[in-house]
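The basis for the numbers below is simple: all heavy atoms, side chains too, and nothing from hydrogens, waters or symmetry mates. Source: prediction; values computed, not measured.
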Amino acid sequence: MRNLRCAQFAIRNPQSTILAALLSFPAAALAQWHVKDSPHDLSRSGPGPVKAVTETEICIFCHTPHNGAPDTPLWNRYESPRQYRIYQSSTLDARVDQPRGASKLCLSCHDGVLAVGLVRSRGETDPIYTTFPHLTKEHGGLGTDLSDDHPIGFRYDRALAAADRQLRNPDTLSERLPLGPHDTVECTTCHDPHNNRLGNFLREPEQRSAICLSCHDLTGWRLSAHANSAATVAPRLIDPREVLAFGTVRDNACNNCHKVHSAPHPERLLRFQREEDGCLNCHSGNVSAFNIASEIQKRSNHSGRRLLGVHDPAEENLVVRPHVECVDCHNPHSVRGSLGTLGIRTIATTLLPIEPEMSNVKGVSAFGSSLQKARVEYEVCLRCHADTGYGIRPTVTRQITNSNARADFRTSNASFHPVFARGRNNDVPSLIAPYSASSIINCTDCHNSDSARLFGGSGPNGPH
């Protein structure tokens with residue numbers, strides 16, 4: 001066993017001085033490096049379903065002391081001949097190239113093209129026979145379509161972090177997450193093939209998505225409901241057979257909605273093909289406190305289930321195709337619960353800041369300009385109910401038929417509801433207290449659920 005561990009370390013660090021120092025280490029210090037009894041132990045005594053029929057050596061499936069691959073010292077596998085379909089996204093600022101370097105070594109098994117037992121030291125005519133010749137998705141195979149996997153082969157540098165403000169400066173990246181020779185993200189940035197101490201050969205803990213947040217700095221995440229919710233994920237509605245690693249929303253964090261490998265919705269690596277299912281999986285009265293799924297089944301609703309795959313986080317507010325999704329009004333990375341106003345109707349005389357449930361969401365101003373971050377509630381509503389031309393059309397015959405709510409509420413109109421600003425008429429005797437001529441109202445003061453807490457009900461607030 002001692003020789004095995006030393007050999008594995010020597011393969012990664014061939015310098016003789018390091019190996020000589022390693023020989024004096026106690027066995028306990030080396031335990032974190034060994035492959036034996038891990039999923040990468042493909043010998044006859046290995047623990048997994050994929051293993052050799054008769055072969056007892058462990059390192060041989062990846063390494064050989066002689067006649068290894070010329071471009072990689074002691075590498076015992078052939079290079080996969082395939083080209084890969086790579087990850088693409090409208091929100092991706094990096095340039096993703098074909099896999100190379102350490103990632104190509106991993107894919108020599110994990111793309112499922114070459115047999116697991118096809119090694120250079122035996123030659124193509126004398127492979128090692130294994131229980132499963134090739135890795136399938138059930139056994140860790142990714143295939144040659146990597147568009148549904150976290151991108152690899154891109155340069156992670158200061159320029160990328162400057163372009164994508166939700167990426168951390170790579171200078172702050174943990175030394176436990178090594179980049180490739182040219183500062184590229186590779187399979188080995190997140191996975192250490194010789195160390196399965198944390199599971200899935202991860203280099204950083206998966207709990208609370210510590211490994212994801214080492215690179216991703218999501219706006220508002222630290223204080224968000226999804227980062228702090230202690231709700232149990234056990235009774236999820238959609239595909240309850242899919243077991244998550246941890247029991248609560250906060251511990252699963254990113255993994256509640258995303259899959260790093262083989263994601264059903266490739267772009268942005270979502271867990272479900274219909275992106276609204278990622279929300280309704282919990283927000284159906286099982287994991288979350290309120291049943292949004294039942295709300296969007298009412299006669300008047302904002303149901304994201306009508307259309308498939310039209311929402312895009314990079315979409316322009318003023319030219320977007322007609323659609324509605326949960327993420328049009330809620331940012332799942334920064335959404336928070338109301339701050340002590342649940343069930344309390346606020347009558348204001350000034351514009352109130354946007355509710356925490358809608359924080360960091362795009363909007364359109366009262367003047368028609370596109371906003372990256374809406375400041376008040378109506379600016380979120382105007383994304384659809386203004387200049388896009390597909391707002392709600394009145395069923396009552398009017399002198400002027402107009403679906404542009406922004407035009408309806410202009411303060412230059414002869415008459416308008418006080419949504420953008422206070423009304424100009426100081427004599428409105430028909431108003432019911434506590435409303436006054438100085439009051440400002442929100443869209444949801446009139447358009448809301450018939451069971452909303454805001455109006456004395458027990459259901460969720462909002463025009464779901």
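- With sequence neighbours excluded, no residue forms a salt bridge (charged side-chain N to carboxylate O under 4.0 Å, His left out) with Asp126.
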| Given Lys298 and Asp450, is the salt bridge (Lys or Arg N to Asp or Glu O under 4.0 Å) satisfied, shown in steps? | CA-CA 10 Å; Lys298 293 179 177 179; Asp450 55 358; 2.6 Å; yes
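- Between the side chains of Ser43 and Glu55, no donor-acceptor pair of N or O atoms lies under 3.5 Å.
- Between Arg336 and Glu357 no salt bridge is recorded (no basic side-chain N to carboxylate O distance below 4.0 Å).
- Results of the side chain to side chain contact (heavy atoms under 4.5 Å, CB included) test with Gln98 over Lys104, Arg85, Gln83, Arg82 single out Gln83 as the only residue that passes.
- Checked against a 6.0 Å centroid threshold, the rings of Tyr87 and His150 do not count as neighbours.
- At a threshold of 4.0 Å, the pair Lys137-Asp148 counts as salt-bridged, since one of the basic side-chain nitrogens sits closer than that to a carboxylate oxygen.
- A side-chain donor-acceptor contact under 3.5 Å links Ser334 and Asn360.
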Handout entry: Asp251/Thr248 under side chain to side chain donor-acceptor pair (under 3.5 Å): CA gap, chis, key distance, verdict
Key = CA-CA 5 Å; Asp251 282 340; Thr248 63; 3.2 Å; yes
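- With a 4.5 Å cut-off on side-chain heavy atoms, Ile296 and His464 count as touching.
- Between Glu315 and Arg383 there is a salt bridge, since at least one side-chain N of the basic residue sits less than 4.0 Å from a carboxylate O of the acidic one.
- Inspection of the Asp111 and Ser80 side chains reveals an N or O donor paired with an N or O acceptor under 3.5 Å.
- Judged purely by atom type and a 3.5 angstrom limit, Thr444 has no side-chain atom pairing as donor or acceptor with the backbone of His447.
- Side-chain contact check for Ser284 and Asn286: no donor-acceptor pair (N or O, by modelled atom type) lies under 3.5 Å.
- A donor and an acceptor atom, one from each side chain of His63 and Asn76, are nowhere located under 3.5 Å apart.
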Applying side chain to side chain donor-acceptor pair (under 3.5 Å) to Glu138 and Thr136, what does each step give before you reach the verdict?
CA-CA 5 Å; Glu138 291 74 21; Thr136 62; 3.0 Å; yes
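- No hydrogens or angles considered: nothing links the side chains of Asn301 and Glu295 as a donor-acceptor pair under 3.5 Å.
- Remark: aromatic rings of His265 and Phe272 are distant, center separation not under 6.0 Å.
- The backbone N or O of Val116 sits nowhere less than 3.5 Å from a side-chain atom of Thr130 that would complete a donor-acceptor pair.
- Expressed to the nearest 0.5 Å, how far SG of Cys106 lies from CG of Leu142 amounts to 9.5 Å.
- At least one donor-acceptor pair under 3.5 Å links the side chain of Arg453 to the backbone N or O of Gly459.
- Proximity of the aromatic rings of His311 and His323 is defined here by a centroid distance below 6.0 angstrom, and this criterion is met.
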